[in-house]
Amino acid sequence: MPRAPRVLAGKRPRPLTALSLTLAFVAAGFAAWAGEDWYAAAHDDRAAYAAQRDEVLAAGEQAVQNLNTLDHRDLDRGLDLWESSTTGELREQLASGRERFAEQVKAAKTVTTARVLSGAVTELDDRAGRARVLVALRVTVKASDGAKTEKDSRMLGELTRSKSRWRLSALGQAPVGGASAG
């Protein structure tokens, strides 16, 4: 007499359990990989450096624009803005020549406005708190008789971090063409 096959209770393969277990391992592996990738990105110095560069550029463009904008009708506010945008020797020069310059602007009755066309950070030393920017602007001067003149210029600015803010510490005209910077 042939023997009947024995059926063992509980020993049959369970495909749903195996699939669930496999998916759980895959999900855990993906979570570990994504977590490691996120951690690396969050602690990458390049992101902090890029943010610092953006902050320097915004501060530099604004400061250069501020120093090329002045209205004879609201002179004190404009000159206060100049001083608050600068630091160091540049700020001292502006403060010491303020009265004489204010008299000249009042006599000329001019309104000067500047608009930033473009800008770039040319150097950034975050640890030392120093940076340089190149800013292209269009300066419009309106005389008391209503005549307007416009001039495009490129300015080189040096910034210094004072406390938690970047301020202009030097400003000059950028060389044009093959002229050397000095």
Side-chain angles (χ1 to χ4, degrees), residues 42 44-182:
D44 187 356
D45 288 343
R46 291 178 293 183
Y49 186 79
Q52 192 68 238
R53 186 187 62 234
D54 292 345
E55 185 181 330
V56 165
L57 180 59
E61 287 178 343
Q62 186 63 58
V64 171
Q65 180 176 328
N66 291 349
L67 265 65
N68 284 278
T69 301
L70 194 59
D71 187 338
H72 74 93
R73 298 167 296 198
D74 197 5
L75 208 49
D76 285 333
R77 187 176 87 58
L79 293 174
D80 288 345
L81 186 58
W82 283 19
E83 288 183 30
S84 70
S85 299
T86 57
T87 189
E89 208 174 296
L90 179 58
R91 185 167 195 253
E92 291 170 15
Q93 290 172 356
L94 293 173
S96 67
R98 181 178 175 135
E99 286 184 34
R100 184 174 30 92
F101 186 72
E103 289 172 8
Q104 292 172 350
V105 173
K106 283 180 186 176
K109 295 183 180 177
T110 56
V111 176
T112 307
T113 55
R115 183 172 56 93
V116 173
L117 302 174
S118 66
V121 175
T122 60
E123 290 180 39
L124 172 57
D125 185 345
D126 184 40
R127 290 187 178 142
R130 288 190 303 262
R132 290 183 184 203
V133 293
L134 174 64
V135 179
L137 15 113
R138 177 160 295 142
V139 179
T140 304
V141 179
K142 185 176 176 185
S144 59
D145 64 1
K148 274 175 134 178
T149 58
E150 283 189 343
K151 180 183 176 187
D152 290 349
S153 64
R154 294 183 311 164
M155 307 294 290
L156 285 173
E158 292 183 19
L159 290 102
T160 303
R161 187 175 42 229
S162 59
K163 297 180 185 168
S164 63
R165 196 173 143 203
W166 289 93
R167 296 174 194 238
L168 209 52
S169 53
L171 184 64
Q173 197 71 32
V176 179
S180 69

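Along the sequence shown, the residues carry numbers beginning at 1. If you're wondering where the values come from, they're calculated on a predicted model, not measured in any experiment.
Arg161 and Asp125 are not joined by a salt bridge, as no carboxylate oxygen comes within less than 4.0 angstrom of a charged side-chain nitrogen. A salt bridge does not link Arg77 with Asp80: none of the charged nitrogens is closer than 4.0 Å to a carboxylate oxygen.
With sequence neighbours excluded, the residues that form a side chain to side chain contact (heavy atoms under 4.5 Å, CB included) with Arg115 are Leu117, Arg138. Residues satisfying the salt bridge (Lys or Arg N to Asp or Glu O under 4.0 Å) criterion with Glu92, sequence neighbours excluded, are absent altogether.
Judged by distance alone, with hydrogens and angles left aside, the side-chain atoms of Trp82 form no donor-acceptor pair with the main-chain N or O of Ala95 at under 3.5 Å.
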- Criterion side-chain contact (heavy atoms from CB on, under 4.5 Å) on Asp71 and Val105, from CA distance to verdict: CA-CA 8 Å; Asp71 187 338; Val105 173; over 6 Å; no

- Could you go step by step and tell me if Leu70 and Phe101 meet the side-chain contact (heavy atoms from CB on, under 4.5 Å) rule? CA-CA 11 Å; Leu70 194 59; Phe101 186 72; 3.3 Å; yes

- Give the C-alpha distance, both sets of side-chain angles, the deciding distance and a yes or no for side-chain contact (heavy atoms from CB on, under 4.5 Å) between Ser153 and Leu137. CA-CA 6 Å; Ser153 64; Leu137 15 113; 3.7 Å; yes

- Verdict with supporting geometry, Arg130 and Glu123, salt bridge (charged side-chain N to carboxylate O under 4.0 Å, His left out): CA-CA 8 Å; Arg130 288 190 303 262; Glu123 290 180 39; over 6 Å; no

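The shortest side-chain heavy-atom distance between Arg98 and Asp76 falls under the 4.5 Å cut-off. Using a 4.5 Å heavy-atom cutoff, the side chains of Val133 and Thr122 are not in contact. Here the side chains of Thr113 and Val139 are not in contact, with every heavy-atom distance at 4.5 Å or above. Looking at Thr87 and Ser169, their side chains come closer than 4.5 Å, going by heavy atoms from C-beta outward. Residues Lys148 and Thr140 have side chains in contact (heavy-atom distance under 4.5 Å, counting atoms from C-beta outward). Contact of the Val141 side chain with the Val111 side chain is not registered, since no non-hydrogen atoms from C-beta on lie closer than 4.5 Å. Leu156 is not listed as a side-chain neighbour of Gln173, based on a closest heavy-atom distance of 4.5 Å or more.
Within the model, atoms OG of Ser84 and CG of Leu168 stand 11.5 Å from one another, a figure rounded to the nearest 0.5 Å.
For Arg167 and Thr86, the side-chain atoms include no donor-acceptor pair closer than 3.5 Å.
No more than 12 heavy atoms of other residues, nucleotides or ligands lie within 6.0 Å of CD in Glu89, so this atom counts as exposed by the packing criterion. Residue Asp152 places its CG atom among more than 12 non-hydrogen atoms of other residues, nucleotides or ligands, all under 6.0 Å distant.
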Donor-acceptor list for residues 47-65 side chains, cut-off 3.5 Å, not counting sequence neighbours:
unit_1 : atom_1 : unit_2 : atom_2 : d
Tyr49  : OH     : Leu124 : O      : 3.4
Gln52  : OE1    : Trp166 : NE1    : 2.8
Gln52  : NE2    : Asp126 : OD1    : 3.4
Glu61  : OE2    : Gly119 : N      : 3.4
Gln62  : NE2    : Asn66  : OD1    : 2.8

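Residues Ala143 and Thr110 approach most closely at CA-CG2, 4.4 Å, considering heavy atoms.
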